[in-house]
Amino acid sequence: MSATIVVDRASKWFGDTVAMGDVSFEVGAGVTGLLGHNGAGKSTLLKLLAGFSRPDEGTVRVLGHDPGSDVEVYRRLGVVPDGDGLWPHMTARAAIAACARMRGVPDPADATRRVLERVDMTGPADRRLGGFSKGMKQRIKVAQALVHGPEVLLLDEPLNGLDPAQRRDMIDLVGELGASGHTVLVSSHQLGEVERMAPNVLVMVNGRLVAEGTTGGIRDLLAERPRTLRVEVDAPPEVARALIGEGLAQSVRLEDGALVAETGDLRELSRRLPAIARDAGTTLRGVEPVGEDLESVYAYLTARARGAGR
Amino acid sequence: MTPVAIALRALLGARRTWVLGVLSVIAGGIALLIRVRADEFRWLDRYAEVTESLTIPTVVAFVALVLGASVVGDEREDWTILYLAATPVPRVRLAGAWVLAAWVMALVLLVPATAGAAWLGLGGGMGARGLVWLVAAVGLASLAYSALGVLLALLVRRAIILGLLYIVLWEATIATFADSADKLSLGAYGRRLLAQGVPGAQEFRVPTVGAATAVIVLVAVGAVGVWAGGRRLGRMELP
């Protein structure tokens, strides 16, 4: 894989806060997801790659250019920023054509027409952007990033504000771009979204890159992690003994009258639990996972990265 | 031309621009008031006083500086600056486009208003020579103030407030009334051009420089504003 985006030991601070610390990776053609919770450093990284900000340490290269100092890179780079801002007094067509002209497109009107068709915004193209919904603005932002036919695309949360049908269309569009040889780096805080768009993923937590690989690999990694279940039964001690005795739980504790069990094999424990409760002569009143939110998932990846390296 | 057109359209669509337009004609209203109310032997002096202390250092400074600061401030505020930044257009050209747009809008608002005020204030006695120097003074002072507004907006978040403080505390007060400060005032160089041909302006406090020097200083401030704005834009953190 020939790398089009190269980040080498890049760090960024805002005062005493480390927004991004010692991040290194290389990305080539195809779609790569950038996954992380809000404040993980995804937007900071994308801003560095877009040249809107500069690393305090390390280097960032896009197509061999330093985007922070070489404006020529924008002839081959398209950026969809996070904010909603678009010139409210301009029509969608005029705004996209203006971007095309500024990026040196030979026939801005034709390029604008084609890209509006691509994002399915031909109908409202001659309306002012000030009256557009968030979803419509999102598609216009993508259109302006595509209008000059860039080789590299940076998309910051492109699915924000889109309805389910628009999300599907956008995911298809991102997939097509990747399949046609573009380098696409797309950020999201939802693994499910990233999984549908990108075969490869970078995971950021608290400004650090904690995992990278195929989306399936990250999913497997998450599946392997110890899981915690809260089990509500009438006879907690008997059920706890059975769970430990059968090796289904690594630890069990009593919390507010319920059992909290940590297991390395969630599927097997879930399968056996009703039978264990029946054998213990008790009623299974409730089972719910604990710590399944993204924060917990990222915390696990962080701890794993600290313990064993990526 | 595209960044200029975008900036001009943004200025035209902003309510703030029209408020500044109203402010511009206030100078005309004051001139008319002087013409009507002042003693018939002193109206020329009164008009000159208003022009010296109000037109250039306050109205022109305020309108041009706020337009310059707004054209950048609004792009920063609503993040549209990112779409300009994500282009291969050299940063100095972007800064130049903002200054040009603010300057053109300032000329549209200020030249008719100040020329009208002069016509009313002087009772049509200004003549073509006076009009040329009036337009030169307002035009070049506007250029310098617009560039200053653009630069301020690229340097700080609250550029309009800082610009207002600069006008109120320096241009309209100390630099207008203290002889020793006039070489450090953009308005004073504008008044120097007015003194070249506008009746009654010969008594203004102006720097002891020729008209050509005043032109060079005002144009140089505009050029330095564009250059420094471009450099700042190339190095600043965008939203």
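Each chain gets a letter, A, B and so on, in the order the sequences are listed, and its residues count up from 1. The analysis underlying the following values was restricted to heavy atoms, covering all of them including side chains, and did not include hydrogens, waters or symmetry mates. If you're wondering where the values come from, they're calculated on a predicted model, not measured in any experiment.
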Colleague: So which residue, B/G13, B/P90, B/P239, ends up with the most heavy-atom pairs under 4.5 Å with chain A?
Modeller: B/P239

Colleague: Against chain B, label A/R101 side chain, backbone, both or neither, depending on which of its atoms sit under 4.5 Å from a heavy atom there.
Modeller: side chain

Colleague: Counting heavy-atom pairs closer than 4.5 Å to chain A, which one of B/L238, B/L84, B/V89, B/D78 comes out on top?
Modeller: B/L238

Colleague: Is any side-chain N of the basic residue among A/D84 and A/K134 closer than 4.0 Å to the acidic one's carboxylate O?
Modeller: yes

Colleague: Select one option (side chain, backbone, both, neither) describing which atoms of B/E77 are under 4.5 Å from chain A's heavy atoms.
Modeller: neither

Colleague: Heavy-atom pairs under 4.5 Å with chain B: which of A/H148, A/E72, A/Q144 has the most?
Modeller: A/Q144

Colleague: B/Y189 pairs by side chain to side chain contact (heavy atoms under 4.5 Å, CB included) with which of B/V209, B/L140, B/V215?
Modeller: B/V209

Colleague: CG/A/L153 to CG/A/L146 distance, rounded to the nearest 0.5 angstrom?
Modeller: 5.5 Å

Colleague: Could you check whether A/S187 and A/D156, counting side-chain N and O atoms only, form a donor-acceptor pair closer than 3.5 Å?
Modeller: yes

Colleague: Sort out for me which of A/R75, A/M90, A/R54 touches chain B most, counting heavy-atom pairs under 4.5 Å.
Modeller: A/R54

Colleague: With only heavy atoms counted, which part of A/A50 is less than 4.5 Å from chain B, the side chain, the backbone, both or neither?
Modeller: neither

Colleague: Can you tell me if A/W13 has over 12 outside heavy atoms packed within less than 6.0 Å of its CH2?
Modeller: yes

Colleague: Which atom pair, heavy atoms only, marks the closest approach of A/F132 to A/P124?
Modeller: CZ-O, 3.3 Å

